[in-house]
Amino acid sequence: MPLQKSWVESANTAETDFPLNNLPYGVFDAGDGTMPRCGVAIGDMIFDLCKAESNGLVEIGGAAVFDVPSWNNFMELGPEAWADLRRQLTDLLGEGAEPRSDYLVSQADVTMIMPITVAEYTDFYAGRHHATNVGTMFRGAENALPPNWLSIPIGYNGRASSVVVSGTEVRRPWGQLKGPDEALPRFEPCKRFDLELEFGAIVGQPSEGPVTVEEADDMIFGYVLLNDWSARDIQAWEYQPLGPFQAKATATTISPWIVTKAALEPFRTSTPERERELLPYLQEPRAMNYDVNLEVALAPENLVETVIARTNVKELYYSAAQQLTHHTTSGCPMQVGDLLGSGTISGTEKDSRGSLLELSWSGKEPIALDGGETRSFLEDGDTLTLRGGAQGDGYRVGFGDCTGKVIAALADPFAR
Ligand code: CA
């Protein structure tokens with residue numbers, strides 16, 4: 001399918017993240033004292049859905065769903081409503097429709113806020129090259145992948161309360177640190193603060209009991225870029241035997257626009273070839289992953305940014321649908337607004353690694369930035385930006401920026 005044209009001129013370029021083919025959903029604050037409201041990105045503008053609904057331009061299921069600053073109520077209506085809204089918006093914003101500029105707001109003039117109320121947050125570990133790199137660093141090349149890794153999409157239950165929207169500053173955490181040669185831990189600000197480049201899936205339908213991979217795919221509403229900020233020194237001391245805890249609880253940043261599953265449909269691709277056959281319940285009935293280019297950029301305070309990694313969502317060994325299926329095997333109920341992080345996505349090349357832990361090989365090989373600085377881990381003042389997009393024929397289905405700036409740790413929070 002080629003670029004679909006809109007009467008919003010800025011949506012008709014090959015470079016924009018937000019052509020008519022995309023139509024991603026967010027919540028914006030116009031800064032004029034009105035309540036934040038739901039909108040859809042088109043070119044460099046936002047179409048005000050709250051206003052469109054209240055004036056009868058858009059109607060979903062007879063009752064108002066866009067009069068709240070969150071997409072949860074709409075997600076709850078289910079896949080038929082999701083398809084219905086996309087049809088209505090494609091008609092309203094398409095080239096032949098009556099231009100309704102009074103429903104547009106410039107993206108440059110608003111602040112994006114969280115698009116959903118996150119019900120619960122689970123983070124997986126589905127990137128094979130990341131798991132192999134980290135395993136090699138910590139356990140040696142012979143034991144790089146844990147024995148369960150090729151059979152189970154491994155994950156841990158994170159904290160919904162720690163999920164923030166792009167643009168939110170992230171404060172360097174304090175925690176227990178202990179070097180390998182030290183007898184006792186210290187309580188200090190994290191020295192090895194890191195990013196993790198991930199793809200986030202947003203669950204739009206609830207479940208009770210186990211669901212198949214096909215059913216799981218139907219439950220997913222859309223996707224965001226996700227940065228799982230990680231304190232490596234805290235993690236190294238705390239993670240055995242129950243996995244990450246405070247190392248991952250400072251913040252997780254998501255991009256403000258939810259790119260719908262419908263917009264990504266042309267970019268479906270299968271997960272990589274299996275090295276070990278999966279149990280039947282986890283097997284892919286059809287292509288369940290996506291071809292989405294990703295990049296990470298790092299900008300020290302007052303300096304230009306450097307792209308430090310490029311990779312692709314298709315590197316994931318388990319799709320979000322497979323992760324979700326596995327999540328329900330215990331009977332664990334899923335809720336509207338659940339967020340699933342994919343795990344760090346790294347490729348096979350050195351410059352395709354999705355964390356500084358891997359890029360600097362645990363600090364042994366600092367990376368060079370444009371402007372002369374080097375980095376092993378994040379410094380105060382560093383701004384980290386994730387970008388992503390699927391490349392169509394003359395158009396791009398993009399995610400917008402997922403950005404966060406690292407700010408200095410507090411003074412000792414327990415000092416007396
Ligand atoms: Ca992670």
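Numbering of ligands and ligand atoms starts at 1, following listing order. Side chains included, hydrogens not; waters and symmetry mates left out as well; all remaining heavy atoms used. Just so you know, residue 1 is the first one in the sequence shown, and it goes up from there.
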Would you say the side chain of [Y] lies within less than 4.5 Å of the side chain of [X], judging by non-hydrogen atoms?
X: Glu120; Y: Val203; answer: no
X: Asp44; Y: Phe18; answer: no
X: Arg268; Y: Tyr290; answer: yes

Give the name of the N/O/S atom in Asp228 that lies closest to the Ca ion (ligand 1).
OD2
Restricting to N, O or S, what is the name of the atom of Glu198 that lies nearest the Ca ion (ligand 1)?
OE2
Just to the nearest 10 degrees, tell me the angle at the Ca ion (ligand 1) spanned by Glu196 OE1 and Asp123 OD2.
160°
Please report whether the ring centroid of Tyr25 lies less than 6.0 Å from that of Phe66.
no
